[in-house]
Amino acid sequence: MPDDPVTRAAAYELAQQSVADRQRHRVLGLLGSLVFLGLLVRLALESSPWWWVGVAVVLAGLAYGRLVLPRRLRRRAELLRP
């Protein structure tokens, strides 16, 4: 946590901006990720089983982005609140 009040206020604003951006673009991001996931599943079924590694990576990224990241950003904003 920054000790300087100006730096702390700027960090708080950045955290709030990140939370707002995630809320604003959540549907588009989810749709894009699901399309990409569908393409990877199709490749895994029709081509090489190695594509399942990509499916696992995308699923892990979706889980992190939907479950972990929003809570971390909100908690960081709470800690930085002036």
Side-chain angles (χ1 to χ4, degrees):
M1 299 307 273
D3 292 329
D4 182 30
V6 174
T7 305
R8 190 177 191 138
Y12 174 72
E13 290 299 321
L14 283 173
Q16 289 294 96
Q17 180 72 28
S18 295
V19 170
D21 285 345
R22 289 198 47 78
Q23 289 294 332
R24 190 175 14 228
H25 301 294
R26 70 176 178 228
V27 173
L28 185 61
L30 180 62
L31 288 176
S33 297
L34 290 177
V35 166
F36 189 63
L37 182 66
L39 291 172
L40 285 173
V41 168
R42 182 174 176 210
L43 281 170
L45 291 173
E46 293 180 357
S47 181
S48 170
W50 282 102
W51 287 104
W52 288 111
V53 174
V55 171
V57 168
V58 170
L59 283 175
L62 272 170
Y64 179 78
R66 293 285 162 191
L67 302 174
V68 177
L69 188 59
R71 281 188 294 213
R72 289 185 67 184
L73 288 172
R74 284 192 299 269
R75 186 176 57 214
R76 183 169 294 151
E78 286 296 318
L79 292 173
L80 290 168
R81 182 173 295 202

Output every pair passing side-chain hydrogen bond (donor to acceptor under 3.5 Å, both in side chains) with a member in residues 47-65, not counting sequence neighbours, ordered by first then second residue.
Tyr64-Arg72
Tell me the salt bridge (charged side-chain N to carboxylate O under 4.0 Å, His left out) pairs involving [range], sequence neighbours left out?
{"range": "residues 3-20", "result": "none"}
{"range": "residues 32-46", "result": "Arg42-Glu46"}
{"range": "residues 57-67", "result": "none"}
{"range": "residues 73-82", "result": "Glu78-Arg81"}

Once rounded to the nearest 0.5 Å, what's the spacing between atom CG of Leu34 and atom CG of Leu39?
11.0 Å
Nearest 0.5 Å please: distance from the CZ atom of Arg22 over to the CG atom of Leu73.
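Interatomic distance, Arg22 CZ to Leu73 CG, rounded to 0.5 Å: 7.0 Å.
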By side chain to side chain contact (heavy atoms under 4.5 Å, CB included) - contacts of Ala77 (at least two apart):
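Per chain and number, Ala77 pairs via side chain to side chain contact (heavy atoms under 4.5 Å, CB included) with Tyr12, Ala15, Gln16.
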Side-chain donor/acceptor pairs under 3.5 Å, residues 24-32, sequence neighbours excluded:
unit_1: Arg24; atom_1: NH2; unit_2: Asp21; atom_2: OD1; d: 2.3
unit_1: Arg26; atom_1: NH1; unit_2: Gln23; atom_2: OE1; d: 2.4

Using atom types as modelled, flag every donor-acceptor pair under 3.5 Å from a side chain in residues 54-63 to any protein atom, sequence neighbours excluded.
none

